[in-house]
Every structure is written in structure tokens, then in C-alpha cells.
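Accompanying notes for the structure given below.
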Amino acid sequence: GQQLNQSPQSMFIQEGEDVSMNCTSSSIFNTWLWYKQDPGEGPVLLIALYKAGELTSNGRLTAQFGITRKDSFLNISASIPSDVGIYFCAGQLAGNQFYFGTGTSLTVIP
Amino acid sequence: NAGVTQTPKFQVLKTGQSMTLQCAQDMNHEYMSWYRQDPGMGLRLIHYSVGAGITDQGEVPNGYNVSRSTTEDFPLRLLSAAPSQTSVYFCASSLGEGSEQFFGPGTRLTVL
């Protein structure tokens, strides 16, 4: 199957710091997405990217769709305690086929 | 509007037993999918559907069956449960290609 390499695996940061995580793949995707998952719940979409090179913001979150269509990054600025959770990247092929990264666990220390 | 609902929330099975995980959505979404989530492996696509009567295999389909007789429901069947199927299962739906996927709350399955 498709493999998405997501890094880092975990992060421990102080409140107010910026965060950066990224995802790379050997495959070309049509869409890149970033999700956040809280304990005991399903993932929730944060940002969707549809074109190579696209840079999109959602509040303190910024994500980019890599030019090669094989990578994406997510930045969180000025982290706050409620940013705690697991962040997943996902790539979409044609139709309804999504492939997820292995996740980045974020801990924010107040 | 309940969104995506999954039942049961927790289930324990013995090896060889069969069961059906239920998934329903009330948003009139065409696309529905089943994923399993294992520690350190992210979510992996089991089966998906792009409309009633249409299903296809995802990345890890072995040991699972699906059907889509209505737009609202997309049940996942385990015919003969194995310990390797111990996982958290998520159902998701979306309006169509390129649309946001909405996830259910998950079913935590343990196979002894």
C-alpha cells in the first residue's frame, strides 16, 4: 500500500512556541489533508490542500502542498494547551482512497 | 443531525466469532469508508464505497466484507474474527470526491 512518512513522531513544546511537522511519500497525491485526533474520538479535518504549491491558513495553522505533490507540511504558531493531540497527514488518490501518515503526537506544556 | 454514528462503541470477541460493525450517516453523503487504526500505524483503509451498490477494496481488505444497500448505512462484517483484527475501527463519510471526510467516534474491538 501507499506509505506516508510523517515526522516527528512526537513533540513536547512550551506554550507559545511554534510547531512544524511534515509528511513525505513516494507517491503523487491529488490532495493533501491534515487532521487532528483527540483521545477517544475520530480525526477532525484541519486543512485541505488541492493544488501543488498551495499554501493555506486556518487561524494559527498553515499548511503547504509540496510542488512535487509528494510532500506537505503543517505549522502551528503560538501553541496553546488545547493544541494537544495527534496530528495526521493524509493523501488522497482518485476516488475515495485516502492514505494516512503515522501521526505526530503533540504535547504542550503550560 | 447526528453526523456519522457507529455501534457498538466497544466489543470483545473470541477467535472465530463473526460480527457486524454498524455505521450510519444522516448527511446524504455518497462516499463512505472504513478504516482501522493500530498503534504507530495511523489509519489504514479497509473498504470504501462511492455510492449505494458500489464498494471497493482499500489497503487492508482481507478478513472483512462490506455492502452498501442504502446511502445511509455502510456495515463492516468480520466473518471469522482473528486476534490480528484487534483494533479501533473508524467509519467516515463525505459528500463526494475532494470533499471533507467526517469521522465517526470509533469502535474499539478486541479479539481474544
Side-chain angles (χ1 to χ4, degrees), chain A residues 1-10 21-27 29-52 54 56 58 63 65 69 72 74 85-105, chain B residues 2-7 9-10 21 23 25 29-52 54-62 66 68 71 74 87-108:
Chain A
Q2 308 296 331
Q3 220 172 347
L4 273 66
N5 301 307
Q6 188 171 344
S7 63
Q9 192 172 8
S10 61
M21 58 191 79
N22 68 79
C23 224
T24 61
S25 171
S26 56
S27 301
F29 288 106
N30 294 334
T31 305
W32 279 95
L33 308 106
W34 286 93
Y35 289 86
K36 179 174 183 265
Q37 186 177 28
D38 292 324
E41 297 183 13
V44 174
L45 183 67
L46 298 173
I47 291 182
L49 302 154
Y50 299 103
K51 291 194 301 188
E54 179 181 351
T56 295
N58 179 8
F65 192 144
R69 294 168 63 192
S72 177
L74 174 71
I86 302 179
Y87 292 79
F88 290 98
C89 63
Q92 182 188 17
L93 297 178
N96 201 22
Q97 298 180 70
F98 291 85
Y99 295 89
F100 282 75
T102 51
T104 295
S105 174
Chain B
V4 181
T5 58
Q6 291 184 239
T7 55
K9 198 161 177 63
F10 301 94
L21 279 62
C23 174
Q25 52 89 10
H29 285 174
E30 287 296 320
Y31 285 19
M32 296 186 75
S33 304
W34 274 103
Y35 296 87
R36 59 177 290 173
Q37 184 174 31
D38 302 300
M41 299 193 72
L43 283 81
R44 290 183 293 168
L45 183 63
I46 304 172
H47 285 285
Y48 65 96
S49 168
V50 297
I54 307 168
T55 63
D56 209 341
Q57 296 181 350
E59 192 180 356
V60 288
N62 292 341
V66 292
R68 183 97 182 271
T71 300
F74 191 41
S87 187
V88 182
Y89 290 84
F90 287 100
C91 178
S93 75
S94 63
L95 204 53
E97 186 161 355
S99 300
E100 177 181 355
Q101 272 194 116
F102 293 86
F103 284 82
T107 294
R108 185 174 293 273

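Numbers restart at 1 for each chain; the letters A, B, ... are given by sequence-line order, proteins then strands.
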So, taking the atom named [atom1] in [X] and the one named [atom2] in [Y], what distance separates them when rounded to the nearest 0.5 Å?
X     : Y      : atom1 : atom2 : result
A:Q92 : B:S94  : CD    : OG    : 7.5 Å
A:Y99 : B:R44  : OH    : CZ    : 12.0 Å
A:L33 : B:E100 : CG    : CD    : 9.0 Å

*Does A:D38 have any side-chain hydrogen bond (donor to acceptor under 3.5 Å, both in side chains) partners at least two apart in sequence or in another chain, and if so, which?*
A:K36
*Side chain / backbone / both / neither for A:Q37 at chain B, heavy atoms under 4.5 Å*: side chain
*Any side-chain heavy atom of B:E59 within less than 4.5 Å of one from A:F98?*
no
_Heavy-atom pair with the smallest gap, counting every atom of B:L45 and A:Q97_ = CD2-CA, 3.8 Å
*Evaluate side chain to side chain contact (heavy atoms under 4.5 Å, CB included) for A:E41 paired with B:F103, printing each intermediate quantity in order.*
CA-CA 9 Å; A:E41 297 183 13; B:F103 284 82; over 6 Å; no
*Let me know if B:F102 has heavy atoms under 4.5 Å from chain A in its side chain, its backbone, both or neither.*
neither
*Measure distances from B:Q6 to the heavy atoms of chain A and classify the residue's part below 4.5 Å as side chain, backbone, both or neither.*
neither
*Mind checking ring-ring contact (aromatic ring centres under 6.0 Å, His included) for B:F90 and listing every partner two or more places apart, or none if nothing turns up?*
none
